[in-house]
Amino acid sequence: MKTIGLIGGMSWESTQTYYRLINQKVRDEVGGFHSAKLVLYSVDFAEIETLQHQGEWEATAEILASAGRMVEAAGAECVVLCTNTMHKVAPQIEQAVSIPFLHIADATARALQADGVSCVGLLGTKFTMEQPFYCERLEDQGIQVIVPDEPQRELIHSVIYNELCKGTVKSDSKAAYLEVVASLAHRGACGVILGCTEIGLLIQGADTAVNLYDTTEIHAEQAVQFALGGV
């Protein structure tokens with residue numbers, strides 16, 4: 001079994017979900033008392049969040065590239081960045097390490113392609129929904145991306161930072177998110193990406209008839225397949 005390197009803490013609420021899912025999936029695949037071999041470097045999210053909203057992306061890249069080097073030095077054989085938004089600086093992290101970087105958007109694209117989905121809605125932080133680094137990566141793989149309108153994007157972003165990243169789950173926020181999911185489906189989306197690793201704390205597949213693609217779960221599955229010798 002290969003050792004997985006996790007860069008987490010963005011926020012730790014979703015990083016603990018990664019840890020649980022990866023170990024559950026290893027147990028299910030291998031059986032017995034098996035669990036994942038992994039190295040976790042968890043950042044102080046306050047530093048990252050401040051730099052995000054200041055637009056200081058190169059400073060965040062330096063922090064995460066350093067984290068990547070540290071998990072590699074600790075024995076990791078791949079890097080899993082446990083956040084969607086910070087894949088904005090994925091190229092800088094990839095350049096900083098010599099081990100494979102498992103990109104969350106690529107894993108998600110493969111899941112969509114396997115289901116024959118060519119048009120999808122995207123929920124996430126405003127950075128993920130509005131900047132090109134995520135949508136264009138999906139579009140380059142033949143997937144059309146629909147994002148919510150501006151007031152919906154403001155709502156989604158606010159709930160992520162002011163509630164979910166702090167471990168707060170509210171029923172009215174859940175209802176509001178489900179309304180956005182329904183509106184994306186009405187606009188032609190054949191599924192909706194939960195493109196922030198905390199969103200799965202709020203809504204799940206059983207809450208809607210629209211197919212939801214939880215990137216935390218998809219990314220965790222990719223990490224396990226790599227660790228066990230798959231893709």
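- Ring pair F127/H87: centre-to-centre distance not below 6.0 Å.
- Taking all atoms of both residues into account, the shortest heavy-atom contact from M1 to K37 is O-NZ, 3.4 Å.
- Counting all heavy atoms, side chain and backbone alike, A176 lies closest to L155 at CB-CD2, 3.6 Å.
- For the residue pair D115/Y213, the side-chain donor-acceptor check at 3.5 Å is satisfied.
- Checking Q52 against T60 by side-chain atom types alone, no donor-acceptor pair falls below 3.5 Å.
- Between H103 and F101, the ring planes lie perpendicular to each other; the angle is over 60°, past the 30° to 60° tilted range.
- Note that OH of Y18 and CG of L81 are 7.5 Å apart. Values are rounded to the nearest 0.5 Å.
- Between the side chains of T85 and T128, at least one donor N or O lies within less than 3.5 Å of an accepting N or O.
- There is no side-chain donor-acceptor pair under 3.5 Å between S14 and T17.
- Inspection of the T215 and N84 side chains reveals an N or O donor paired with an N or O acceptor under 3.5 Å.
- Between the side chains of E179 and Q152, no donor-acceptor pair of N or O atoms lies under 3.5 Å.
- In this structure, Y134 and I193 approach most closely via the heavy-atom pair OH-CG2, 4.3 Å.
- With respect to V79, the side-chain contact (heavy atoms from CB on, under 4.5 Å) criterion is satisfied by exactly one of V39, I7, I4: I7.
- M86 pairs in a side-chain contact (heavy atoms from CB on, under 4.5 Å) with only one of the listed residues (T125, I48, I63), which is I48.
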